[in-house]
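To keep things clear, I will list the structure first and then write my remarks on it.
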Amino acid sequence: KVDGEVDVAELELIRQIGVSSKVSDADIDEIIDKTEAADIIPSLSKLPREEKINLMSNLVMVMKIDGKIHKEEMRFCFRVLKKLGYPEDALFDLVSTTYIDSRAEVDIDKIRARAEQYLN
């Protein structure tokens, strides 16, 4: 919703991430319905390191899955990035060097390994 629309490819990826995190489709739908694009990002500093890496990796995948990166998505990701403790150049690197083909399987482990390198 950050860019003003809910893209089908983004929603499908969010559902896949939800399945791997044991979040139901109904819960995902409820979260999306109740969330406004301008919602405040909660504090993320207390998240365990592994969860920070997963969140950063998932953000990059969702942002890239529709083949378009909207400036609103980038702004949102920068705000999350700061709360996670990543340097600003991490997002540019991850976004510019991650290729996601919606027809092929995504190697999330490679994205996570690269995201981990940037975390303080």
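If you're wondering where the values come from, they're calculated on a predicted model, not measured in any experiment.
Remark: the backbone N or O of His70 is paired with a side-chain donor or acceptor of Glu73 at under 3.5 angstrom.
In the hydrophobic clustering of ILVMFWY residues, with side-chain heavy atoms under 4.5 Å counting as a link, Leu13 and Val23 come out together. Cluster annotation: Leu11 is not connected to Val19 through the hydrophobic network of ILVMFWY side chains, with a link wherever side-chain heavy atoms come within less than 4.5 Å.
Looking at heavy atoms from C-beta onward, Phe92 lies in side-chain contact with Met74 at the 4.5 angstrom threshold. In this structure, the side chains of Val62 and Ile17 come closer than 4.5 Å at one or more pairs of heavy atoms. With a 4.5 Å cut-off on side-chain heavy atoms, Met63 and Leu91 count as touching. Within the 4.5 Å cutoff, no side-chain heavy atoms of Glu116 are placed close to those of Met56. Contact check for Ser57 versus Val60: no side-chain heavy atoms found under the 4.5 Å cut-off.
Rounding to the nearest 0.5 angstrom, the gap separating the CZ atom in Arg79 from the CG atom in Leu44 is 11.0 Å. Rounded to the nearest 0.5 angstrom, Leu55 CG and Lys52 NZ are separated by 10.5 Å. Note: Ile53 CD1 to Tyr118 OH = 13.5 Å, rounded to the nearest 0.5 Å. For the atom pair CG of Asp89 and OG of Ser96, the computed distance is 10.0 Å after rounding to the nearest 0.5 Å. To the nearest 0.5 Å, atoms OG (Ser20) and CG (Asn58) are separated by 7.0 Å.
Aromatic pair Phe78/Tyr86: centroids not less than 6.0 angstrom apart.
Closest approach of Ala90 and Leu81 over heavy atoms only: CB-CD1, 4.4 Å.
Residue Cys77 forms a side-chain contact (heavy atoms from CB on, under 4.5 Å) with just one option from Leu59, Leu94, Ile69, and that option is Leu59.
Applying the side chain to side chain contact (heavy atoms under 4.5 Å, CB included) test to Asp29 and every residue at least two apart in sequence or in another chain returns Arg15.
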